[in-house]
Amino acid sequence: MKNINFKLLCLVAVLALGSCKKDFLQQTNPDANTIANSFKTENDVLLAVNGCYALLRSGNTVGEGSDLWTDQRSDDTGTNDNQSNAGEPFGFNNFSLTPTNSYLYTHWLAMYNIISNCNILLSNMDKVTFAKPETKQRYKAEAEFIRAYVYFNLVRKWGDIPLVTKQLITKEEVAANTFRTPQAAVYTQILTDLKDALSSPLPNTQATGTIGRISLAAVNTLLGQVYLTMATTQDPANKTANLNNALTNLTAAYNAKTFANLKDIPYTDVFDVTKKSTCPELIWQIVNIQGDPVYSSSIAANNQAKGETINSLKSSSGVGNNVTHDLVNDYESNDLRGAFSIKYASDPTVKDWFVTKFRDVTPAIAKTGYGGNDWILMRYADVILMLAEVNMYLDNNAVAIQYLDMVRARAGMPTYEVSSQDPTYSSKYSTLKLAILHERRVELAFEHHRLFDLLRTFTTDELVAYFHSKKQADFGSALLSNFTTKDRYYPIPFNETKLDPVKMYQNPGY
């Protein structure tokens, strides 16, 4: 079969949604009407929605193991052992990606597979009669939200990307939709999906029985982040309007919280496997099942360094998830988040910092490593810091500082006003903008926000200068000098550009 890559993605979900044939000797085309026959009842639609959620679990998409596309592309984590400083994965951390990188292509395919499944669902759910209209509205909103969430990830990483919002059936339809769409149009579609989801009868927040599914708080959080990103990276003429829209949605998300003050929720509770279903700070998460070989979490065991037992009872023979010394140095003295999130491994073969933020040492799972950590996609500290950021851009600095101090208070840190009097703090974070960026880094470390925070905060030239101002010694073998203007975006995978070099044009520098 001809390898048509992105094109096939619009069809592969048929395999997941197809029903079994009763007569395997039938002579009709086994692929004919598969999708149409798969959507008959409300439960069929629910299963399809659940399938879209399930695809988010993968490390090839946005699951807990997706740090290669995010944190390792930033200044937070990397690979310092000799075995890792080679090959295709190191290209992310070393800013030496090429269009033929197979890991990057895998990520591209997996993300578009989610979009394909959402499109198939949205294109076929009208065939089903629902007992209650609100049930259909809710399922539709979930599919639209997931599609918007994935497109938001893609457009920030690649810029102009193929934009498909319907099921594609024929080769001709697929060919007609294989082209890069300008970012502005992609953002318009993201907003359309999220606004539609916001008008649906989704629950206000996660609750028992709905953990892992989206809520109106999640929709408002994503809408606010999209508007904030548009304000700083898209059309300058609409910056103020986008900031005000971000303020509206983020405020709505914040007002949906079920707790009084952030400081009342211990930082360690957010990542406690025994409290993951009840912690009020969590807005949206990928649910894992402790002890289950398939649906458990492996992040605690995978992050652990040789000779350590702080993350998991499963022994490790590697270096864990290596932390850049640049991030280690960014934690302020007595910041409890640093003490909880990172540790120095003194094993003779390691002797470096590793991630300890995600732990499960529950005796029940013993040494299997089948942890119960949920993967947090949205939480209120993120919303609060985005509110600080938005108010800062709107010149409401006093309000911005109030939000910033909410997060610092929970971490046991002095207020921004007090910290600003400290020469070390004021020299490193000379503006409120840099102070907020710093706070996001240490609060949300290893939760896959850092890359997007950098892309949103700095222009391309500023980002190059920012990386080049850092000390090479704090980055191990990864060469900061490799970072240039090309690294604002990923390269379009070669297998995509070769389909149509004109319509699937390559990003500059590759």
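By the 6.0 Å contact criterion, NZ on Lys486 is enclosed, its count of non-hydrogen atoms from other residues, nucleotides or ligands being greater than 12. Other residues, nucleotides and ligands contribute more than 12 heavy atoms inside 6.0 Å of the CZ atom of Phe259. Enclosure of atom OH in Tyr103 is not indicated, since only 12 or fewer non-hydrogen atoms of other residues, nucleotides or ligands lie within 6.0 angstrom.
No donor-acceptor pair closer than 3.5 Å links the side chain of Lys136 to the backbone N or O of Glu42. The backbone N or O of Thr192 sits nowhere less than 3.5 Å from a side-chain atom of Asp196 that would complete a donor-acceptor pair. A donor-acceptor contact shorter than 3.5 Å links the side chain of Asn117 to the backbone of Asn113. Remark: side-chain polar atoms of Arg456 are not paired, donor with acceptor, to backbone N or O of Leu451 under 3.5 angstrom. Remark: the backbone N or O of Gln183 is paired with a side-chain donor or acceptor of Asp160 at under 3.5 angstrom. Judged purely by atom type and a 3.5 angstrom limit, Asn507 uses its side chain to pair as donor or acceptor with the backbone of Trp158.
Residues Arg410 and Asp264 are not paired through a salt bridge, judged by the lack of any N-O separation under 4.0 Å between the basic side chain and the carboxylate. Electrostatic pairing of Asp374 and Lys276 counts as a salt bridge here, judged by a charged N lying under 4.0 Å from a carboxylate O. Salt-bridge check for Arg138 with Glu134: failed, with every basic side-chain N at 4.0 Å or more from each acidic carboxylate O. A salt bridge is defined here as a Lys NZ or Arg NE, NH1 or NH2 lying under 4.0 Å from an Asp or Glu carboxylate O, and Arg359 with Asp272 fails to meet this definition.
Between Ala143 and Leu121 the shortest heavy-atom distance is CB-CD2, 3.6 Å.
Atom OG of Ser199 and atom CD of Gln137 lie 7.0 Å apart (nearest 0.5 Å). Taken from CH2 in Trp284 to OH in Tyr149, the straight-line distance is 5.0 Å, to the nearest 0.5 Å. Here CG of Leu216 is found 6.0 Å from OG of Ser200. Values are rounded to the nearest 0.5 Å. Between atom OG of residue Ser215 and atom CG of residue Asn204 there is a gap of 8.0 Å, rounded to the nearest 0.5 Å. The distance from atom CG of Leu47 to atom OH of Tyr139, rounded to the nearest 0.5 Å, is 9.0 Å. To the nearest 0.5 Å, atoms CD1 (Ile211) and CD1 (Ile286) are separated by 14.0 Å.
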>> As a quick check of understanding, evaluate side-chain contact (heavy atoms from CB on, under 4.5 Å) for Thr181 and Ile161, giving each step before the final call.
In response: CA-CA 5 Å; Thr181 301; Ile161 53 173; 6.0 Å; no
> Would Asp193 and Arg147 satisfy salt bridge (Lys or Arg N to Asp or Glu O under 4.0 Å), going step by step from the backbone distance to the final call?
Replying inline: CA-CA 8 Å; Asp193 278 346; Arg147 181 170 67 182; 2.9 Å; yes
>> Evaluate Val150 against Leu56 for side-chain contact (heavy atoms from CB on, under 4.5 Å), listing each step before the verdict.
In response: CA-CA 9 Å; Val150 174; Leu56 297 173; 4.3 Å; yes
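Applying the salt bridge (charged side-chain N to carboxylate O under 4.0 Å, His left out) test to Asp382 and every residue at least two apart in sequence or in another chain returns Arg440.
In summary, the side chains of Gln167 and Asn119 do not present any donor paired with an acceptor at a separation below 3.5 Å, with no hydrogens or angles considered.
Of the listed residues (Lys357, Arg441, Arg337), just one forms a salt bridge (charged side-chain N to carboxylate O under 4.0 Å, His left out) with Glu447, and that residue is Lys357.
Ring orientation note: the planes of Phe467 and Phe95 are nearly perpendicular, at an angle over 60° on the 30°/60° scale.
Residue pairs meeting the ring-ring contact (aromatic ring centres under 6.0 Å, His included) criterion with at least one member in residues 41-74, sequence neighbours excluded, are Trp69-Phe92, Trp69-His107.
Looking at heavy atoms from C-beta onward, Phe130 lies in side-chain contact with Met125 at the 4.5 angstrom threshold.
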